[in-house]
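Quick caveat, the model's predicted, so the values are computed rather than measured.
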Amino acid sequence: MMVRPSSSFLLVGLLWLCCWGAIAQAGAEYMAYKDPKQPLNRRIKDLMGRMTLEEKIGQMTQLDRANVTAEIMRDFSLGSVLSGGGSVPREQASPQDWINMFNEFQKGALSSRLGIPMIYGIDAVHGHNNVYKATIFPHNVGLGATRDPELVKKIGAATALEVRATGINYAFAPCIAVCRDPRWGRCYESYSEDPAVVIQMTDVILGLQGEIPAGSRKGVPYVGGKDKVAACAKHFVGDGGTTRGINENNTVIDRHGLLSIHMPAYYHSIIKGVSTIMVSYSSLNGEKMHANHELVTKFLKDTLKFRGFVISDWQGIDKINYPLHSNYPEAVLAGVQAGIDMVMVPFNHTEFIGIVTDHVNNKRIPMSRIDDAVRRILRVKFVMGLFENPLADESFVDKLGSQAHRDLAREAVRKSLVLLKNGENADTPVLPLRKKTERILVAGTHANNLGYQCGGWSLTWQGVSGNNYTAGTTILSAITAAVDPSTEIVFSENPDADFLKSNNFSYAIVVVGEQPYAETKGDSLNLTIAEPGPQTITNVCGAVKCVVVIVSGRPVVIEPYVSSMDALVAAWLPGTEGQGVSDVLFGDYGFSGKLPRTWFKTVDQLPMNVGNAHYDPLFPFDFGLATDPVEQL
């Protein structure tokens with residue numbers, strides 16, 4: 001008889017546990033932000049209502065991977081991590097190395113109090129260019145020469161797949177600068193001097209992020225699935241218009257010029273659903289863009305109705321004042337108040353978070369500004385599906401450097417080449433070249449150098465020299481593979497007169513140009529071909545029928561040498577797929593590229609752009625000779 005009270009007690013206990021479990025479960029269901037069935041704005045509002053000030057400022061913080069641990073992600077609820085140029089898990093890291101790193105950071109973020117996933121950004125500016133064995137596409141200046149937005153959209157989609165192959169979900173691309181002076185070290189990141197061409201090329205966003213479904217609201221961020229990434233239009237605004245092309249300097253321009261030259265591509269990017277916009281280091285009429293409330297908040301957010309988030313450039317806040325990082329609390333106040341939502345800190349998170357917290361607590365930054373930033377960041381994260389699929393999808397690993405992507409890059413190279421000279425007149429064209437001949441000389445510093453072909457932002461920030469850094473095909477290898485097996489190929493980087501006389505060459509292909517550079521290191525007042533390029537042209541073209549291929553990020557000084565050349569090709573910075581050059585030289589495909597930039601005679605003419613009153617170029621904007629493909633037996 002003594003058993004019954006005990007049984008009743010157990011029964012009551014079990015009922016109590018079941019009820020408590022049901023209540024707890026019901027409580028969990030009230031976390032609307034975790035429910036993908038809830039409307040986007042309800043999820044954002046629910047999550048923001050649960051966040052502390054510290055967690056909100058954490059979401060506004062982005063650190064480089066070298067300065068992050070999973071514990072920092074968890075303890076500070078950091079919103080984002082990035083890889084700066086060349087910042088990699090290890091040398092020649094595999095996709096799995098990247099995925100393991102990404103997942104470790106993401107698990108740290110997910111273990112924070114609210115489990116908000118991070119977004120990981122990388123400069124995938126011509127393919128997934130930081131990553132070993134990725135497909136490296138032509139830089140933007142070459143893509144501008146194609147005038148082919150459909151091709152660029154395909155490149156965006158291929159790039160998104162390769163980025164996702166490493167787990168990463170955010171690309172700092174495209175650069176939609178309108179470079180108005182080739183002396184600027186970032187001119188190769190610009191599609192053209194003509195805003196109309198740059199507008200066309202914003203279709204890359206549709207490739208990176210996916211096509212916005214019909215009937216969707218315009219101007220709202222859109223990322224269409226696990227095979228897509230968030231894109232970033234940069235650098236807002238006027239980065240390509242600085243005086244004498246000096247990087248990060250001052251763009252002097254009136255409102256009409258700003259709105260007609262530098263702004264249109266942003267409007268089109270927003271319409272196409274771009275998720276983020278990066279602010280420029282440069283100043284506009286003396287005011288630092290990172291502190292420009294009028295343009296970042298009033299124009300970009302209020303007038304253009306941009307609904308994604310605005311991100312700073314690397315230490316962009318630190319550069320508001322000179323020297324770097326001076327009066328940092330004041331700079332942070334100016335940047336956040338200007339309308340920057342996420343700050344690429346990228347080193348010291350505790351300093352940044354502490355300063356923003358102090359500004360808010362002392363009413364210098366209103367809570368409404370913090371909430372605007374966090375709302376925008378969360379909007380992008382929800383749109384990307386990060387709350388449902390935060391970790392890397394390993395099914396994309398085989399997309400990195402895939403043959404399909406290399407074939408696409410090869411097509412892009414073919415279409416980017418601009419034929420500037422082809423014989424002395426139309427009756428005696430030099431190109432296409434014969435595949436079957438006795439002996440061909442290939443000369444020049446850039447013929448057998450994959451690093452030079454790729455340019456800056458390739459494996460490292462400043463680029464590399466040589467053939468051991470990644471997979472690809474040099475122009476020399478491509479020529480060797482293209483010609484008839486009976487044709488002898490002789491390679492000599494800088495042959496002297498005796499060598500040229502002692503060999504009976506049928507013709508020569510001279511490949512010269514610029515050495516790799518990025519950003520300020522590429523600023524140049526003389527725009528010369530790297531030595532001994534001019535000497536190689538002079539020696540070879542003085543002795544043998546020659547085709548000169550210029551590998552460069554912009555027009556360079558060639559006017560003194562053009563008369564000695566039999567044919568001249570602008571190849572820009574073609575990337576890893578050198579066969580695209582041989583495809584067109586030998587007539588398997590025709591030349592079709594058009595100059596995306598004016599080719600000057602002398603640097604004294606700069607800046608000189610199409611439409612200028614005193615327009616006297618060596619080759620005008622939009623120039624490009626065409627050839628037909630030929631079948632060679």
*asked:* Is it the case that the side chains of Ser87 and Arg65 hold a donor-acceptor pair, with the cut-off being a distance below 3.5 Å and no angle test?
replied: yes
_Steps toward side-chain hydrogen bond (donor to acceptor under 3.5 Å, both in side chains) verdict (Asn100, Glu104)_ = CA-CA 6 Å; Asn100 292 344; Glu104 183 186 350; over 6 Å; no
*Give the ring-plane orientation class for Tyr266 versus Phe236, where under 30° counts as parallel, over 60° as perpendicular and anything between as tilted.*
perpendicular
*With a 3.5 Å cut-off and no angle check, do the side chains of Gln62 and Ser80 form a donor-acceptor pair?*
yes
*asked:* The test is salt bridge (Lys or Arg N to Asp or Glu O under 4.0 Å); show your working for Glu211 and Lys153 and say whether it passes.
replied: CA-CA 10 Å; Glu211 304 253 7; Lys153 193 191 327 183; 2.7 Å; yes
*asked:* We want to know whether Tyr170 and Thr276 form a side-chain donor-acceptor pair, criterion being a heavy-atom distance below 3.5 angstrom.
replied: yes
*Would you check, one step at a time, whether the test side-chain hydrogen bond (donor to acceptor under 3.5 Å, both in side chains) holds for Thr202 with Tyr191?*
CA-CA 10 Å; Thr202 57; Tyr191 293 106; over 6 Å; no
*Rounded distance [0.5 Å steps], CD1 in Ile57 versus OG1 in Thr52*: 8.5 Å
*Enclosure of Arg42 CZ (heavy-atom neighbours >12, cutoff 6.0 Å)*: no
_Inter- and intrachain pairs under salt bridge (charged side-chain N to carboxylate O under 4.0 Å, His left out), touching residues 375-386, at least two apart_ = Asp372-Arg376
*Taking Ser280 for the side chain and Val237 for the main chain, is one N or O donor matched with an acceptor at less than 3.5 Å?*
no
*Are there more than 12 heavy atoms of other residues, nucleotides or ligands under 6.0 Å from atom NZ of Lys272?*
yes
*asked:* So for atom OH, which belongs to Tyr328, do other residues, nucleotides or ligands contribute more than 12 heavy atoms lying within a distance under 6.0 Å?
replied: yes
*Take atom CZ of Phe382 as the centre, draw a 6.0 Å sphere, and report whether it contains more than 12 heavy atoms from other residues, nucleotides or ligands.*
yes
*What do the steps show when you test Leu208 against Val163 for side-chain contact (heavy atoms from CB on, under 4.5 Å), and what is the final call?*
CA-CA 10 Å; Leu208 288 164; Val163 171; over 6 Å; no
*Does a sphere of radius 6.0 Å around CZ in Arg90 hold more than 12 heavy atoms from other residues, nucleotides or ligands, not counting ones at 6.0 Å or beyond?*
yes
*asked:* Here's a test for you: under side chain to side chain contact (heavy atoms under 4.5 Å, CB included), which of Val141, Val178, Val197, Leu143 qualifies with Ser192?
replied: Val197
*asked:* Pairing donors with acceptors under 3.5 angstrom, does anything connect the side chains of Ser368 and Asp371?
replied: no
*For Glu189 and His235, test the side chains for any donor-to-acceptor distance below 3.5 angstrom and give the result as yes or no.*
no
*Supply the atom-to-atom distance His268 NE2 to Ile176 CD1, rounded to the nearest 0.5 angstrom.*
10.0 Å
_Please verify the inter-ring angle class for Phe387 with Tyr33; under 30° counts as parallel, over 60° as perpendicular, anything in between as tilted._
perpendicular
*Give the intermediate values and the outcome of salt bridge (Lys or Arg N to Asp or Glu O under 4.0 Å) for residues Arg186 and Asp239.*
CA-CA 9 Å; Arg186 305 193 79 156; Asp239 51 343; over 6 Å; no
_Pairing residues for Cys187 by the disulfide (SG to SG under 2.5 Å) criterion, not counting sequence neighbours_ = Cys179
*In terms of side-chain heavy atoms, does Asp407 have a donor or acceptor partner in Gln403 at a distance below 3.5 Å?*
yes
*So which pairs with a foot in residues 221-237 pass salt bridge (charged side-chain N to carboxylate O under 4.0 Å, His left out), sequence neighbours left out?*
Asp123-Lys234, Lys226-Asp393
*Using 30° and 60° as the class limits, which term best fits the ring planes of His290 and Tyr281: parallel, tilted or perpendicular?*
parallel
